[in-house]
Amino acid sequence: MADTARDAPPEQTDFHELEDGEELFPEPATTQESQPASLAAEDISTNSNGPKQDSLFDDDPEDLFAEATEEVSLDSPERDVLLSDGPSPAITPITPPTSVITPRIGHTHDDMFTHSSFDEIEEEEGGDSFDIHISVSDPEKVGEYMTSMSLFKRNEFAVKRRFSDFLGLHSKLASKYLHIGYIVPPAPEKSIVGMTKVKVGKEDQSSNEFVEKRRSALERYLMRTVKHPILLKDPDVLQFLESSELPRAVSTQALSSAGLLRMVNKAADAVNKMTIKMNESDAWFEEKQQHFENLDVQLRKLHTSVESLVCHRKELSVNTAQFAKSAAMLGNSEDHTALSRALSQLAEVEEKIDQLHQDQANADFYLFSELLGDYVRLLTAVKGVFDHRMKTWQKWQDSQMLLQKKREAEAKLQFTNKPDKLQQAKDEIKELEGKVQQGERDFEQISKTIRKEVSRFEKERVKDFKTIIIKYLESLVQTQQQVNKTVSDIFHHN
Amino acid sequence: MSTEEVKETASVLSVHDDSIKVTEVLKEGDTLTFIIVSQKLSGTGEYHVDRTYEDFEWLQQHLFSQGDVPGIQGVIFPPLPAKPQVNASPRSIKQLGFLALGECQPYCKALETFLQQVAAHSILSKNKAVEVFLTSSDPPGRQKVKKNIFNRLSQAVEEMRKEGHKDVDEFFQNERDHNLILTGCTKTAAEKFLDVVATEQKIAVACGHFSTALHLCVEPGEDPDKQAFSRVCVKLSEVFESIKKNMTSVAENNVNTLGLGLDLESRYQEAEREMLFRRTCKLVELENAQRNVEKAKPVKKAAMEEVKKAAETEFEHTSGVAKQEIARFQGARVEMLQQALVGWCEKQLLTAKESADQFNQHLEVFRGMA
């Protein structure tokens with residue numbers, strides 16, 4: 001599906017959306033978003049000959065990333081009004097990633113997906129559409145293509161993607177990777193209320209905020225996905241980033257992260273109902289699970305705390321604006337010229353400070369609240385993989401038990417005179433032995449994968465938080481300096 | 001000391017009016033006692049007295065009931081803040097406005113201002129009650145003073161009818177119109193500013209909670225990732241403590257400068273309004289008396305004439321004093337507000353600079369973290 005030649009590694013893709021609809025969202029400056037400090041090129045891996053199987057399990061997979069920007073646009077999700085808890089994603093399950101992780105990601109895989117079981121759905125024309133630019137950092141795909149370049153070029157791609165496409169991408173990745181232990185970043189939530197407002201054409205602040213919130217969430221989602229060394233190489237991801245046209249996701253019942261959570265909870269319930277007393281031979285897993293439980297609780301608390309902070313900031317902004325108005329009125333009513341002027345200036349200062357408070361509130365929100373929210377959702381994915389490990393173990397155990405039964409049955413059959421049945425039993429046993437072995441392998445594989453994933457996750461977590469905090473502090477300092485400047489200007493005029 | 005004794009002799013205040021300070025407030029159960037210190041004019045030392053709010057009311061009543069002082073109705077009486085309560089009801093908190101915020105510093109400042117203004121007033125300071133209040137080691141008598149002409153309740157009833165009564169003097173008509181507008185504007189501005197300060201305090205509290213919540217994220221263990229995250233949490237917790245401090249300072253500054261200024265201005269505008277109203281009532285009285293003279297039968301005419309003359313005199317005295325008071329008031333309030341604004345600016349600049357420095361420090365720490 002990718003039109004561009006794949007000789008040179010496409011470093012950068014721009015996603016532009018040009019809709020004939022009104023632009024509800026004026027071009028935001030994308031430059032600000034496009035400096036993900038966390039993706040600054042630190043060490044460039046020297047594995048430029050393509051990843052070997054083992055290199056995927058390196059301890060520092062982040063080395064492959066460098067700074068590049070790609071912009072993603074978003075089109076009206078009027079099409080994904082359906083809010084269902086997306087049972088199973090309507091996508092053919094793909095074989096485990098071992099086949100995907102080859103040095104060459106060619107077009108062949110793309111073609112396979114292009115003509116897979118996606119039904120075409122009639123395009124809906126018209127409606128409200130809006131133009132959003134997202135900057136996402138694209139990792140350099142240094143080792144991906146069969147070139148020996150260790151430099152990187154930058155190409156820009158522009159593709160249009162709908163919100164449902166993002167959800168579709170996530171559900172594909174989840175179905176492929178979650179059950180074998182990879183922590184797949186959850187997609188942003190759908191929000192009917194927010195989207196309805198935008199569609200109705202309300203140009204008020206809350207719908208602008210919603211649009212920005214969604215844009216930001218999608219950008220972060222993509223960034224997390226491409227930061228993952230395995231997911232990055234997935235053909236679905238590549239197709240998403242580069243193809244000019246994506247086949248439509250079958251239904252808009254794509255698996256949002258809420259849906260995912262429901263699925264995970266269902267799985268968890270099922271697991272609990274079976275009262276799996278897993279013989280945890282590995283204390284590491286027990287400890288980690290506990291750790292993530294605790295973390296979940298703490299992060300939720302933090303999130304609540306920050307939300308309340310954001311709420312108050314917004315309130316402050318409103319109150320300051322109202323005060324500014326009343327001060328202006330007072331200034332107008334005042335006879336005494338100098339005092340009148342002073343009061344009017346007070347009103348001006350307050351208005352400016354109000355704007356600063358607005359910015360501060362936004363900073364609080366986007367940076368912390370969203371980060372914490374993201375991590376709370378990420379933790380559900382983490383819990384999911386742990387649960388999948390348990391299920392894998394259970395499957396293995398079941399196979400073992402079944403094998404045991406069959407062996408007993410076979411032993412009994414030996415004393416009877418039923419050669420056909422005996423043969424059948426022997427065949428079944430053979431099959432089951434294979435299953436048991438596979439089960440054990442699967443279990444070990446998922447355990448190994450989870451260990452790697454958790455380690456990567458923990459490192460990412462620290463980096464993420466640090467980055468956000470630095471950004472936040474910088475904005476704080478700036479705000480203070482601006483307050484200083486504003487007030488001192490007024491002061492020195494008197 | 002009985003009220004009669006106090007009224008007999010006018011006195012000269014023996015302390016410097018600008019030296020009067022309300023230095024602290026003591027709380028015993030539900031009672032608040034204020035310590036008032038003032039410097040003797042003679043330079044030989046200072047007076048320390050303790051007074052409750054009821055004592056302040058006693059003083060105010062005495063000032064109100066100086067019916068024998070000509071033109072007393074034309075005086076703009078320094079406004080006494082509303083009564084403070086230890087466990088204040090929401091209504092009383094609303095009534096106190098800025099003065100309810102903070103420990104008691106704003107309130108004490110407001111009381112202090114009241115005393116200073118009374119002591120500085122050319123007419124009011126002559127009342128012996130002031131001297132007694134500021135210098136007597138015994139608490140002043142706490143008997144209720146007889147009802148005075150400034151009883152607010154009675155005013156309220158007539159207010160609707162008389163307040164709009166057209167004036168005979170353009171100067172006063174202008175002043176009344178202007179006062180009406182300003183009173184409304186100032187009250188609104190004060191209320192809105194109070195909302196701002198209240199929200200700032202809420203933010204400070206929220207920051208404190210966030211800071212505490214972060215501490216709960218600290219995990220023990222030797223895992224380097226865990227330790228790294230714990231470090232981040234601890235440092236961030238410190239950042240939010242700083243933010244909390246900043247917000248608290250900002251709120252405090254706001255209260256102590258502009259907040260107090262707007263509060264005082266608002267109460268003073270009300271005081272002027274009351275004075276103007278009293279004068280208007282005198283005008284109405286005078287006009288009634290004039291009509292009575294015209295309507296009177298010859299038998300009663302002389303008596304009516306007397307009444308009219310008395311009303312005229314009182315009205316003239318009141319207007320005379322009022323004019324002086326208004327001039328003084330206008331000058332004083334402009335100065336007060338300008339000072340409040342300047343003080344506000346200065347404090348804000350100081351706080352903003354301090355905060356910027358602190359945040360910069362935190363920023364360096366984070367940047368330096370591996």
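Chain naming here is simple, since letters A, B, ... match the order of the sequence lines and numbering starts at 1 in each.
Using a 4.5 Å cut-off between heavy atoms, B:Lys235 makes no contact with chain A at all. For B:Asn246, the part lying near chain A is the side chain, with the backbone staying farther off; criterion is any non-hydrogen pair under 4.5 Å. With a 4.5 angstrom heavy-atom cutoff, A:Val349 touches chain B only via side-chain atoms. Heavy-atom distances place the side chain of B:Val239, and not its backbone, under 4.5 Å from chain A. With a 4.5 Å cut-off on non-hydrogen atoms, A:Leu346 touches chain B through its side chain but not through its backbone. Interface remark: A:Ile468 contributes no atoms to any contact with chain B (heavy atom separation under 4.5 Å). With a 4.5 Å cut-off on non-hydrogen atoms, B:Ile203 touches chain A through its backbone and its side chain both. Only the side chain of B:Gln348 comes within contact range of chain A, judged by heavy atoms closer than 4.5 Å. Of the two parts of A:Ile470, the backbone and the side chain both hold a non-hydrogen atom closer than 4.5 Å to a non-hydrogen atom of chain B. Looking at A:Glu350, only its side chain comes within 4.5 Å of chain B, counting heavy atoms on both sides. Of the two parts of B:Leu350, neither the backbone nor the side chain holds a non-hydrogen atom closer than 4.5 Å to a non-hydrogen atom of chain A. Interface remark: A:Ala324 contributes no atoms to any contact with chain B (heavy atom separation under 4.5 Å).
Considering only residues two or more places apart in sequence or on other chains, A:Asp335 meets the side-chain hydrogen bond (donor to acceptor under 3.5 Å, both in side chains) condition with none of them. With sequence neighbours left out, B:Phe359 forms a ring-ring contact (aromatic ring centres under 6.0 Å, His included) with no residue at all. Residues meeting the side-chain hydrogen bond (donor to acceptor under 3.5 Å, both in side chains) test with A:Gln478, sequence neighbours left out: none.
Using a 4.0 Å cut-off between a side-chain N of Lys or Arg and a carboxylate O of Asp or Glu, B:Arg333 and A:Glu334 qualify as a salt bridge. Between A:Arg461 and A:Asp464 there is no salt bridge, since no side-chain nitrogen of the basic residue lies less than 4.0 Å from a carboxylate oxygen of the acidic one. At a threshold of 4.0 Å, the pair A:Glu287-B:Lys226 counts as salt-bridged, since one of the basic side-chain nitrogens sits closer than that to a carboxylate oxygen.
Of all residues in residues 256-270 of chain B, those placing a non-hydrogen atom less than 4.5 angstrom from a non-hydrogen atom of chain A are B:Leu258, B:Leu262.
In the model, B:His362 has a side-chain atom that pairs as donor or acceptor with a side-chain atom of B:Ser242 under 3.5 Å. There is no side-chain donor-acceptor pair under 3.5 Å between B:Gln361 and B:Glu238. Judged purely by distance below 3.5 Å, without hydrogens or angles, the side chains of B:Asp195 and A:Gln322 never pair a donor atom with an acceptor atom.
In this structure a side-chain-to-backbone donor-acceptor pair under 3.5 Å is missing from B:Ser237 to B:Cys233. Panel note: side chain A:Ser344, backbone A:Ala328; no donor-acceptor pair is recorded below 3.5 Å.
In terms of non-hydrogen atom pairs under 4.5 Å with chain B, the most contact-rich of A:Val306, A:Asn294, A:Leu299 is A:Val306. For the options A:Thr320, A:Leu316, A:Leu343, heavy-atom pairs under 4.5 Å to chain B are most numerous at A:Leu316. Annotation: maximal heavy-atom pairing with chain B below 4.5 Å, among A:Val318, A:Val477, A:Leu302, occurs at A:Leu302. Considering only heavy-atom pairs separated by less than 4.5 Å from chain B, the leading option among A:Asn332, A:Ile469, A:Thr479, A:Leu309 is A:Ile469. The choice from B:Ala206, B:Ala189, B:Gly184, B:Ala198 that makes the most heavy-atom pairs within less than 4.5 Å of chain A is B:Ala189. Ranked by non-hydrogen atom pairs under 4.5 Å with chain A, the options B:Val334, B:Val232, B:Thr186, B:Thr212 are led by B:Val334. Between chain B and the residues A:Lys301, A:Lys325, A:His336, the most heavy-atom pairs under 4.5 angstrom are made by A:His336.
The shortest side-chain heavy-atom distance between A:Arg224 and A:Leu378 falls under the 4.5 Å cut-off. A 4.5 Å side-chain heavy-atom check between A:Tyr375 and A:Leu371 finds at least one atom pair inside the cut-off. Residues A:Arg456 and A:Glu460 are in side-chain contact: their nearest non-hydrogen atoms beyond the backbone lie under 4.5 Å apart.
Under the 30°/60° scheme for interplanar angles, the aromatic rings of A:Trp284 and A:Phe386 are found to lie parallel.
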